[in-house]
Number of protein chains: 2
Amino acid sequence: MVRAGLSPERLTRAGVELADEVGFDQVTVSALARRFDVKAASLYSHLKNSQELKTRIALFALEELADRVAAALAGRAGKDALEAFANAYRDYAREHPGRYAAARLRLDPETAAASAGMRHSQMTRAILRGYDLTEPDQTHAVRMLGSVFHGYVSLEQAGGFEHSAPDAQESWVWMVDSLDALLRTRSTP
Amino acid sequence: MVRAGLSPERLTRAGVELADEVGFDQVTVSALARRFDVKAASLYSHLKNSQELKTRIALFALEELADRVAAALAGRAGKDALEAFANAYRDYAREHPGRYAAARLRLDPETAAASAGMRHSQMTRAILRGYDLTEPDQTHAVRMLGSVFHGYVSLEQAGGFEHSAPDAQESWVWMVDSLDALLRTRSTP
DNA sequence: CTAATTTGCCTATAGGCTGTAGGCAAATGC
DNA sequence: GCATTTGCCTACAGCCTATAGGCAAATTAG
């Protein structure tokens with residue numbers, strides 16, 4: 001009986017791919033075991049439980065998304081940075097719907113603190129440096145950007161803009177434009 | 001053996017309450033049966049399957065939320081209407097997290113068409129009458145408002161603003177203010 | 001008012017997922 | 001080569017969805 005060569009890392013990787021294929025909430029220990037042609041019970045030597053699997057996938061997605069956003073932001077400022085940030089976010093969600101859903105998993109405080117979550121908020125704040133906002137406006141703006149991008153991507157993924165004109169892409173551009181204008185209005189140079 | 005007096009309507013009502021108590025995705029046929037002190041199999045005379053239960057709860061929530069928003073909007077216009085709309089939305093999510101989650105369930109096209117979903121987009125458009133937007137800006141604005149309100153409420157519910165100052169309420173007011181300013185900027189009287 | 005029918009909830013059952021316990025064989029170390 | 005460790009296995013228990021068929025309560029008909 002040849003061994004499958006399981007490990008937490010390989011299981012996480014496969015879980016990440018499974019999430020994109022069948023949806024994050026369809027990721028189960030059973031389905032993952034089938035993918036390795038192994039019995040479900042065997043996975044419990046490598047994973048404490050299914051929650052740990054989901055958390056690992058979420059952490060992977062948060063990290064990957066942060067990397068992408070960081071790459072997109074490199075060398076950009078102002079509206080350019082805002083657009084790059086917005087598009088990195090939306091593109092990731094479109095390319096990897098399961099990973100994006102995973103990234104929204106609610107983590108327990110200590111896991112969240114050790115996650116790439118901090119990088120995300122730091123990068124959002126970095127964008128706002130181009131707009132000269134002072135506290136508490138900066139925090140308000142961070143929350144607003146997070147809300148609008150997440151909200152849009154989430155509604156788009158749910159098919160909310162599918163059967164109506166104009167194209168979702170147009171609204172996205174309009175929205176990012178509008179946010180840029182708004183932030184410039186709020187800036188105190 | 002005294003009968004429990006089940007019906008699709010009573011089951012839906014109880015499901016709605018269960019959703020707020022334990023979370024929408026913890027609503028199961030089994031849990032609902034326990035609540036009526038009845039075996040799970042008995043519910044299948046009244047419900048086709050668990051999907052139907054969830055859909056019914058979603059439709060109830062959409063309707064109830066639309067009613068609330070309609071009441072909040074009555075007699076208001078402009079920024080006043082925008083604030084009322086925003087608050088009706090957020091308050092509902094805070095008071096009834098399970099119902100709010102249910103309202104976000106993806107419905108199949110024909111069910112969606114027969115739902116209160118249309119009322120929601122019509123009411124959003126009604127608010128924008130106060131800002132003299134022309135197409136396609138109006139559609140873009142409808143999508144943006146939907147995104148930002150849903151996004152904020154969703155992040156707030158996920159605890160995203162819990163451990164940081166200032167209070168989530170302050171950011172909300174700031175955001176609604178900003179959206180009003182933005183829409184006025186975009187208006188073409 | 002009783003008898004027939006319908007309706008409502010039951011038990012039994014099957015299949016899927018999570019998770020634990022204990023077993024055997026492959027890999028590793030001495 | 002032999003002992004130990006490791007990895008995946010079977011078996012099982014508990015909970016969930018869903019179907020089939022049964023019996024008794026409620027309703028309708030004569």
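Just so you know, these numbers use all the heavy atoms, side chains as well, and skip hydrogens, waters and symmetry mates. The sequence lines fix the lettering, A, B, ..., with proteins before strands; numbering per chain opens at 1. This structure is a prediction, so every number in the text was calculated from the model and none was measured.
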>> Would you say B/Tyr89 and B/His120 are linked by a side-chain donor-acceptor pair, where the criterion is simply a distance under 3.5 Å?
In response: no

> Which listed nucleotide (C/dC10, C/dG19, D/dT17) is nearest to the side chain of B/Tyr44?
Replying inline: D/dT17

> Picking from C/dG19, C/dC9, C/dT11, which would you name as closest to the side chain of B/Leu6?
Replying inline: C/dC9

>> Below the 4.0 Å mark, does C/dT7 have OP1 or OP2 next to a side-chain nitrogen or oxygen of B/His46?
In response: no

> Counting just side-chain N and O atoms, does B/Ser45 come under 4.0 Å of either OP1 or OP2 of C/dC9?
Replying inline: no

> Among pairs that include at least one residue of residues 37-69 of chain B, which meet ring-ring contact (aromatic ring centres under 6.0 Å, His included), considering only residues two or more places apart or in two chains?
Replying inline: none

> Could you state the CG-C1' distance from B/Leu43 to C/dC9, rounded to the nearest angstrom?
Replying inline: 10 Å

>> I'd like to know if the side chain of A/Asp167 pairs up with that of A/Trp172 as donor and acceptor (distance under 3.5 Å, no hydrogens or angles considered).
In response: no

>> When you compare the side chain of B/Leu43 with that of B/Leu53, does any pair of heavy atoms fall below 4.5 Å?
In response: no

> Could you give the CD-to-P distance, from A/Gln26 to D/dT17, as a whole number of Å?
Replying inline: 14 Å

>> Please report the distance, rounded to the nearest Å, between CG in A/Leu32 and P in D/dC8.
In response: 13 Å

> Does one side chain, of A/Gln169 or A/Arg90, offer a donor that lies under 3.5 Å from an acceptor on the other?
Replying inline: yes

>> From CG of B/Leu47 over to P of C/dC9, roughly how many Å is that when rounded to an integer?
In response: 12 Å

> In whole angstroms, how far is the P atom of C/dC17 from the CG atom of A/Leu18?
Replying inline: 11 Å

> Given atom CG of B/Leu11 and atom C1' of C/dC9, what is their separation to the nearest angstrom?
Replying inline: 12 Å

> In terms of side-chain heavy atoms of B/Ser42, which of C/dC10, D/dC8, C/dT20 is nearest?
Replying inline: C/dC10

> Picking from A/Asp137, A/Thr185, A/Asp180, what satisfies side-chain hydrogen bond (donor to acceptor under 3.5 Å, both in side chains) with A/Tyr131?
Replying inline: A/Asp180

>> Let me confirm one number: the CD1-CG distance from A/Ile57 to A/Leu62, rounded to the nearest 0.5 Å.
In response: 12.0 Å

> Once you round it to whole Å, what is the distance between P of D/dT10 and NZ of A/Lys39?
Replying inline: 5 Å

> Of all the nucleotides listed (D/dA20, C/dC9, D/dT10), which has the minimum atom distance to the side chain of B/Ala41?
Replying inline: D/dA20

Sort me out a list of protein N/O and nucleotides 14-16 of chain D N/O pairs below 3.5 Å, or just none if empty.
unit_1: D/dC16; atom_1: OP1; unit_2: B/Arg34; atom_2: NH2; d: 3.0
unit_1: D/dC16; atom_1: OP2; unit_2: B/Arg34; atom_2: NH1; d: 3.2

